[in-house]
Amino acid sequence: TMASPSNKLKVRIIRAEGLQHLNHFTGDNPYVTCGIKRADGKVETKVETKPVTEGDTLNPIWDETLELEPWQPGETLEFIVYDKGLLGSKTEGKAILTGEFFYPNGFQGTIAIIGLPDAKLS
């Protein structure tokens with residue numbers, strides 16, 4: 001069998017809007033992980049942004065470009081927004097971008113963060 005070619009995917013995570021306060025003692029330090037959801041439902045190849053520690057942490061700006069590989073056309077991206085605290089991270093919410101939305105023409109825009117009303121990731 002021939003190995004299928006590995007595709008490298010560049011994902012630019014710009015900002016989130018409408019996050020909630022989860023860490024009342026330490027302040028909010030949000031970051032995002034991005035993983036590839038395989039055909040069998042497993043999420044692999046996670047990359048993450050740096051936490052935002054100052055400024056408007058409920059509407060954080062990361063503006064980071066992350067690279068994921070191997071990615072196959074049709075696979076879904078799963079974004080999870082976390083809030084980093086002293087004792088670990090709490091999940092703010094999750095966003096899904098299915099393959100047909102960004103392949104082959106790319107995607108620019110916002111996606112809803114599941115679990116947070118009015119929250120968006122772009």
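It should be emphasised that the depicted structure is a prediction, and the values quoted were computed from it without experimental measurement.
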A.B. asks: How about Pro30 and Trp62: do any of their side-chain heavy atoms sit closer than 4.5 Å?
C.D. replies: yes

A.B. asks: Got a second to check how far Lys84's NZ is from Tyr31's OH, nearest 0.5 Å?
C.D. replies: 5.5 Å

A.B. asks: How long is the gap from CD on Glu75 to OH on Tyr103, to the nearest 0.5 Å?
C.D. replies: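 Taking CD in Glu75 and OH in Tyr103, the distance rounds to 11.5 Å.
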
A.B. asks: Hey, are the side chains of Asn7 and Leu9 touching, using non-hydrogen atoms and a 4.5 Å cut-off?
C.D. replies: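 No. Closest side-chain heavy atoms not under 4.5 Å.
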
A.B. asks: On a heavy-atom basis, which atom in Leu116 and which in Gly18 lie closest, and how many Å separate them?
C.D. replies: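 Between these two residues, the closest heavy atoms are CD1-O, 4.3 Å.
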
A.B. asks: Please work out whether the ring planes of Trp71 and Phe102 are parallel, tilted or perpendicular, with thresholds of 30° and 60°.
C.D. replies: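 Aromatic pair Trp71/Phe102 classed tilted.
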
A.B. asks: Would you name the heavy atoms of Ala95 and Ala112 that are closest together and state the gap between them?
C.D. replies: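 Looking at all heavy atoms of both residues, the closest pair is CB-O, 3.4 Å.
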
A.B. asks: Once you round to the nearest 0.5 Å, how far does CG of Leu121 lie from CD of Glu17?
C.D. replies: 9.5 Å

A.B. asks: Side chains of Glu64 and Val47, heavy atoms from C-beta outward: is any pair under 4.5 Å?
C.D. replies: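 In short, these two side chains do not touch, never coming nearer than 4.5 Å.
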
A.B. asks: Under the criterion side chain to side chain contact (heavy atoms under 4.5 Å, CB included), which of Thr57, Thr91, Asp28 is the partner of Asp83?
C.D. replies: Asp28

A.B. asks: So, Arg15 and Thr110: side-chain donor and acceptor under 3.5 Å apart, yes or no?
C.D. replies: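 Side chains of Arg15 and Thr110: no pair found under 3.5 Å.
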
A.B. asks: Taking atom NZ of Lys42 and atom CD1 of Ile36, what is their separation to the nearest 0.5 Å?
C.D. replies: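 One finds 14.5 Å between NZ of Lys42 and CD1 of Ile36.
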
A.B. asks: When you compare the side chain of Phe79 with that of Ile111, does any pair of heavy atoms fall below 4.5 Å?
C.D. replies: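 Yes. Closest side-chain heavy atoms under 4.5 Å.
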
A.B. asks: Are the side chains of Arg12 and Asp63 in contact, using a 4.5 Å heavy-atom criterion?
C.D. replies: yes

A.B. asks: Any link between Ile114 and Val32 through a network of hydrophobic side chains (Ile, Leu, Val, Met, Phe, Trp, Tyr) touching at under 4.5 Å?
C.D. replies: no

A.B. asks: Give me the atom names and distance for the closest heavy-atom approach of Val43 to Gly35.
C.D. replies: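 Taking every non-hydrogen atom into account, CG1-CA, 4.0 Å.
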
A.B. asks: Verify side chain to side chain contact (heavy atoms under 4.5 Å, CB included) between Leu77 and Val11, making sure each step is shown before the conclusion.
C.D. replies: CA-CA 10 Å; Leu77 294 181; Val11 178; 3.9 Å; yes

A.B. asks: Indicate the atoms forming the closest heavy-atom contact of Gln20 with Leu58, along with that distance.
C.D. replies: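 Smallest heavy-atom distance, with atoms named: C-CD2, 3.6 Å.
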
A.B. asks: According to a hydrophobic-cluster definition based on side-chain heavy atoms being under 4.5 Å apart (Ile, Leu, Val, Met, Phe, Trp, Tyr only), do Ile13 and Ile96 belong together?
C.D. replies: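 Each belongs to a different hydrophobic cluster.
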
A.B. asks: Between Leu22 and Ile113, is there a shared hydrophobic cluster once you connect ILVMFWY residues whose side-chain heavy atoms come closer than 4.5 Å?
C.D. replies: no

